[in-house]
Protein chains: 2
Amino acid sequence: MTTRWLSPAEQRAWRSYVSASSLLEDTIDRRLQAEAGMPHLYYSILAMLSEAPDRRLRMTELAEILKITRSRLTYAVTRLENDGAVQREGCPTDKRGHVAVLTDEGMALLERTAPGHVETVRAAIFDHLTPEQVGQLEEICESIARAIQGENSGACREDLPWRRRSSTS
Amino acid sequence: MTTRWLSPAEQRAWRSYVSASSLLEDTIDRRLQAEAGMPHLYYSILAMLSEAPDRRLRMTELAEILKITRSRLTYAVTRLENDGAVQREGCPTDKRGHVAVLTDEGMALLERTAPGHVETVRAAIFDHLTPEQVGQLEEICESIARAIQGENSGACREDLPWRRRSSTS
DNA sequence: AGGTATTGTTTAAAACTTGAACCACTGTGT
DNA sequence: ACACAGTGGTTCAAGTTTTAAACAATACCT
């Protein structure tokens, strides 16, 4: 089958998206790194915990929410635990399991840095969009997420290992 | 000043965006890693070169297009040069400068892997969007990029160093 | 000529990711 | 009960990437 290339309009949209998402992630990471001392993913871990009942979540559940491997999460939580923002506890109902708990210190960090973070997001995105565009953005992103997760229902990175480049150098 | 939190609609849009962009970048990276043996950024370097006149671009120009530091680009191009996809040449008009040139091998790699990449992008995004949504996506992303680049006209990551976390562990 | 700005690289340290191996436990079937 | 496959989560070693800072070479300006 012959390749269905992107139309000019799709091309433009795609380029814009790549540029914007790259710029955005850099901006957010920089700001978060400066004010909270951690990259976006780590901040998201704290944010998710802060909203969970009792400020605690099972490791696997957290990994699924954030769409990352358990291995990666273990590394991240260990770091956050060293920072004092999170604490690990054994799971009462399943002795294999662990729950990550947001500490008071972590909550304080979150409350201290959230305004700056929101400000970044606002300045980069929402201050310049109409209410209609906000709705459009949500729908488009929802559609993308659905498309990706539908394909291989919920398959996570670690389920489909990919070939490493042959180390020839 | 009191924080202007996100409205419920903005909140939903933001969450959707974070999820979608994370999933999307993972998907694209995995596919590109498997088929081209390189992550998205590196592929973009080849793509940009392939469209440049004479398949060549000055290092700094390339860094600006991709919005990355020169240091980061140096590393990436060195890797691509080892892979044989890119070659460095001195710049005739400025003896300080270098240009990255896409080799025939690099072009072949690009042509071989582009269909798969487009297929990924299409499956994840454009196959599920209406033409109107494609236009909306472009406008929204354009607006985001403008907002970020306008702020500190073109300031790049290396211009504004950020504090590293105090290594307390 | 002299001073400053650019270009791009190098360096060393640090952060992060990966896949595989692994242990402890759970749940199921017999 | 008992074997035994499956889960939850961590550890491990290796590799990739990123960072900031320092540097050499050249260009530009006065």
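Fair warning: this is a prediction, and the values are worked out from it, not measured in the lab.
Close to D:dT17, at under 4.0 Å from its OP1 or OP2, lies no side-chain N or O of B:Arg72. Close to C:dG8, at under 4.0 Å from its OP1 or OP2, lies no side-chain N or O of B:Thr74. Phosphate contact (OP1/OP2 of C:dG8, side-chain N/O of B:Arg58, threshold under 4.0 Å): present. Residue A:Arg70 places none of its side-chain N or O atoms closer than 4.0 Å to OP1 or OP2 of D:dG9.
At whole-Å resolution of the value, NE2 in A:His40 and P in C:dC16 are 14 Å apart. Atom CD of A:Glu61 and atom C1' of D:dT7 are 15 Å apart (whole Å). Atom OH of A:Tyr42 is separated from atom P of C:dA15 by 10 Å (rounded to the nearest Å). In this structure, the CE atom of B:Met59 is 17 Å from the P atom of D:dT26, given to the nearest Å. Between the CG atom of B:Leu41 and the P atom of D:dT18 there is a distance of 7 Å, rounded to whole Å. Following rounding to the nearest Å, A:Asp26 (CG) and D:dT17 (P) show an atom-to-atom distance of 16 Å.
Using modelled atom types, no side-chain atom of B:Gln11 and backbone atom of B:Pro8 make a donor-acceptor pair closer than 3.5 Å. At distances below 3.5 Å, at least one donor-acceptor pair connects side-chain atoms of A:Glu81 with backbone N or O atoms of A:Arg88.
Nearest-nucleotide positions on DNA chain C for A:Tyr75 and B:Gly97 put B:Gly97 closer to the 5' end. For the pair B:Thr78 and A:Pro39, nearest-nucleotide mapping onto DNA chain C gives the more 5' position to B:Thr78.
In this structure, A:Asp26 does not pair ionically with A:Arg30, as no charged nitrogen and carboxylate oxygen lie closer than 4.0 Å. The residues B:Glu10 and A:Arg122 are annotated as salt-bridged, a charged nitrogen and a carboxylate oxygen being separated by less than 4.0 angstrom.
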Please list, for nucleotides 27-29 of chain D, all pairs of protein and nucleotide N/O atoms separated by less than 3.5 Å.
residue	atom	partner	partner atom	Å
D:dA27	OP1	B:Lys95	N	2.9

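The base of C:dG19 is paired with the side chain of A:Ser71 by a donor and an acceptor separated by under 3.5 Å.
A:Leu66 is listed as a side-chain neighbour of A:Met48, based on a closest heavy-atom distance under 4.5 Å. No side-chain heavy atom of B:Arg4 sits under 4.5 Å from any side-chain heavy atom of A:Val118.
Checked by atom type, the side-chain pair B:Glu132/B:Thr130 shows a donor-acceptor distance below 3.5 Å.
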